[in-house]
2 protein chains.
Amino acid sequence: MASLKDVARLANVDASTASRVLRGDTRQAVRPETRERILRAAAELGYRPNASARSLRTRRSDTIALIVPDIDNVAFHAVIAGVETRAAELGYLVFLVDSRAIRDNEEDVYGRLIAEGRVDGLLIAYARMTDPLASQLQRRHVPVVFVNRRAEQAPASVVVDDAEGSAQAVEYLIGLGHRRIGFVAGAAGTDTARRREEGVRRALARHGLAFESRWVAEGRYTEAGGREAMTRILANGGERPTAFYVANLLSALGALAVLRERGLRVPDDVSVVAMDEHVIANHTQPPLTTVAMPLGRMGEESVQLLHRIIQHEPPDHIVIPDPPQLVIRASTAPPPTA
Amino acid sequence: MASLKDVARLANVDASTASRVLRGDTRQAVRPETRERILRAAAELGYRPNASARSLRTRRSDTIALIVPDIDNVAFHAVIAGVETRAAELGYLVFLVDSRAIRDNEEDVYGRLIAEGRVDGLLIAYARMTDPLASQLQRRHVPVVFVNRRAEQAPASVVVDDAEGSAQAVEYLIGLGHRRIGFVAGAAGTDTARRREEGVRRALARHGLAFESRWVAEGRYTEAGGREAMTRILANGGERPTAFYVANLLSALGALAVLRERGLRVPDDVSVVAMDEHVIANHTQPPLTTVAMPLGRMGEESVQLLHRIIQHEPPDHIVIPDPPQLVIRASTAPPPTA
DNA sequence: ATGAAAGCGCTAACAT
DNA sequence: ATGTTAGCGCTTTCAT
């Protein structure tokens, strides 16, 4: 594997000159002919700068890490794609870290990535990162952007308008004529869950409807959680909701399954709308009405912001302005005319 | 950020001594008391060795890359999880590279990973990697393991028994009484598609049934491909199959949708079984019978093998012995009694 | 049992 | 316009 020295020797120049040319450093002029010789030599030898050597010297790795809660959560695929795209444009490589892999040794993984100097910054889309860790990162002045999460201690974040998306979903149900609306919420204690609930409350309030706690249960953003939440709500006595907003696609799968098992027909007896759009919503029983959030864009902007922070520009809190899109399928209809 | 020098100074020893102790080098003895001092100093300073410096010196990065075709393909989630698990055990960090991100500049990504010395080896689960690239890797003696793919030029590979899994699926259909069995195949030219087709042929032959090409179409491992394949097969005249084996879960979603649109009831009119198990199979319309392959195990063994190759042990070709498991749901039944 | 010294490949300040 | 030099932080051989 050719080194800079090899290139310099072949081009009959000093290594420092070769370095300048190959990096495209324009602050010092180089004779065009010399330039040519160096470029030719590098091409001939298939030269690539050694990342460790460069990184040791410059203290930059041109690498960032993206910490996601769980690759199984299909909602993150769009985020991942957006991150990869913009990262490639900006010249970063991306470590994709599934937080399942680090549950039991968070410290260790962050240690390896940050303290060992492997990455220039962190994109954290992991809602449950422990607070001690968060503040530790801050103390070390590690460039960090929280993705899809506003945190008090976080210096920088990029989120979509979860409240607005949720409000739209509920407004749609109300528009269909529903008055008793159930809510399968997100994972307690997470920021997205809070904001989605806020949207639900806002939409209900706008139409003079109450937020009934017996029609609300936590779905934890998982399929099993969705099952449990729906089971719990149906077990509560009194009138049952004629429609549900489920704060996450995976949970909606579980919720639909429970409705089916109970013999409740969707959408004839009960309507369901879920947050997060994905192909599989076309194939559920019945096909599921969803809210599509601008997640790809969120991923892109996250990288962009992290890049700026790495360059010592000031941090920021960004809300992606693109409006949520309701994707109407077969799981929603007017309430049964009792 | 504390360096080795800082630790050495605090412990009153030379950096080389500190290095030996902290790496756990046993070839040279160290007085227990000295050892203690060094360990204490390192802990106090929160010392972590700089990865670039170490890597520059040792020419190892303790990092590997996993190239997957497409994160959207849920079948890969289990592979990814297996890889992450074993990699963590062996002390590797993992670059997860989605091949969509590199479609247009394959060379560049591999260049950055390999030629710049960022990774010690490659796990390639990307069926369509171009051959020039494959042989280039070989020429450079890059440690490579092909995952879920046997390739002629590949020096090492780990696969599951795709033929056996496919044969089991078809045997199951035959056992239910089906005689006309359609096949939505994988992506042409990929090794898995070849092996899955082989399994289909084997099972059919075993029962004296013919492999009818008018009942076969390529599903390309995508949802859209599944739709097209099913559409094409149904368009062919003559008797239509009473059951289908679909070589991939995503394609099965598309295939099911087409059947539904044509008014064909599953499983009453047509049975469907798909390769690849995933939660969403519980939620399709109807819930889908699948074949679960030992994909997590395949991921684990791939890392293990790559690790051995990095250590200069001989390469190998491994077939994961765990038998495929049929997961029977509601999409399969005996053929209609015409 | 410990230390001295060299060097991995690169960049950047400085000298010519 | 180009070269000299020093050093990033670590490992490893050799010397004591």
Side-chain angles (χ1 to χ4, degrees), chain A residues 1-39 41-42 45-63 91 111-112 114-120, chain B residues 1-39 41-42 45-63 91 111-112 114-120:
Chain A
M1 198 117 296
S3 76
L4 188 61
K5 224 194 269 184
D6 299 325
V7 175
R9 191 173 322 129
L10 185 58
N12 249 305
V13 294
D14 186 78
S16 60
T17 309
S19 171
R20 276 195 298 265
V21 167
L22 294 172
R23 271 179 304 123
D25 184 340
T26 50
R27 287 170 310 185
Q28 292 186 63
V30 176
R31 212 156 12 114
E33 187 220 302
T34 313
R35 222 187 118 63
E36 263 314 302
R37 271 209 324 280
I38 293 170
L39 259 19
L45 297 174
Y47 169 76
R48 307 240 28 175
N50 179 289
S52 302
R54 167 176 283 176
S55 173
L56 179 59
R57 189 56 235 239
T58 63
R59 340 223 81 222
R60 291 201 300 84
S61 60
D62 295 330
T63 304
R112 290 192 70 180
I114 296 294
E116 296 184 3
R118 290 170 189 268
V119 302
D120 296 336
Chain B
M1 196 116 299
S3 76
L4 187 61
K5 225 194 266 183
D6 300 323
V7 175
R9 192 174 318 127
L10 184 58
N12 248 305
V13 295
D14 187 78
S16 59
T17 309
S19 170
R20 277 195 297 265
V21 167
L22 294 172
R23 270 179 304 121
D25 184 340
T26 51
R27 287 171 309 185
Q28 291 185 66
V30 176
R31 216 155 13 114
E33 187 219 300
T34 313
R35 223 186 116 63
E36 264 314 304
R37 272 209 324 280
I38 293 169
L39 259 20
L45 296 174
Y47 169 76
R48 306 237 29 173
N50 179 289
S52 302
R54 167 176 282 177
S55 173
L56 178 58
R57 189 54 236 237
T58 64
R59 338 225 82 224
R60 291 201 298 84
S61 60
D62 295 329
T63 304
R112 290 191 71 180
I114 296 294
E116 297 183 4
R118 290 169 189 267
V119 302
D120 296 336

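The sequence lines fix the lettering, A, B, ..., with proteins before strands; numbering per chain opens at 1.
- Taking 4.5 Å as the limit, every side-chain heavy atom of Arg27(A) sits out of range of all side-chain heavy atoms of Arg20(A).
- Residues Arg59(B) and Met1(A) have side chains not in contact (no heavy-atom distance under 4.5 Å, counting atoms from C-beta outward).
- Of the inter-residue distances, the one linking Arg31(B) atom CZ with Glu36(B) atom CD reads 13.0 Å to the nearest 0.5 angstrom.
- At a threshold of 4.0 angstrom between heavy atoms, the contacts of Ser55(A) with the nucleic acid are absent.
- The shortest heavy-atom contact between Arg37(A) and Asn12(A) is NH2-O, 3.8 Å.
- Test Val30(B), Val21(B), Ile38(B), Val7(B) against Val13(B) for side chain to side chain contact (heavy atoms under 4.5 Å, CB included) and you get one pass: Ile38(B).
- Closest of all the heavy-atom pairs between Ala53(B) and Leu56(A) is CB-CD1, 3.7 Å.
- Between atom CG of residue Asn50(A) and atom CZ of residue Arg57(A) there is a gap of 14.5 Å, rounded to the nearest 0.5 Å.
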Walk along nucleotides 3-10 of chain D from 5' to 3' and tag each nucleotide B, S or - by protein heavy-atom contact under 4.0 Å, base first, then sugar-phosphate.
BB-BBBBB
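- Looking only at side-chain heavy atoms (C-beta outward), Leu22(B) and Leu4(B) come within less than 4.5 Å of each other.
- Of the possible polar contacts, none joining the Arg48(B) side chain to the Ile114(A) backbone as a donor-acceptor pair under 3.5 Å is found.
- Contacts between chain B and DNA chain C, taken as any atom within less than 4.0 angstrom of a protein heavy atom, begin and end at dA1(C) to dG9(C).
- Each end of the helix from dA1(C)-dT16(D) to dT16(C)-dA1(D) gets its own axis from five base pairs, and the two axes differ in direction by 40°, given to 10 degrees.
- In terms of heavy atoms, Gly117(B) sits closest to Ser61(B) at O-CB, 4.1 Å.
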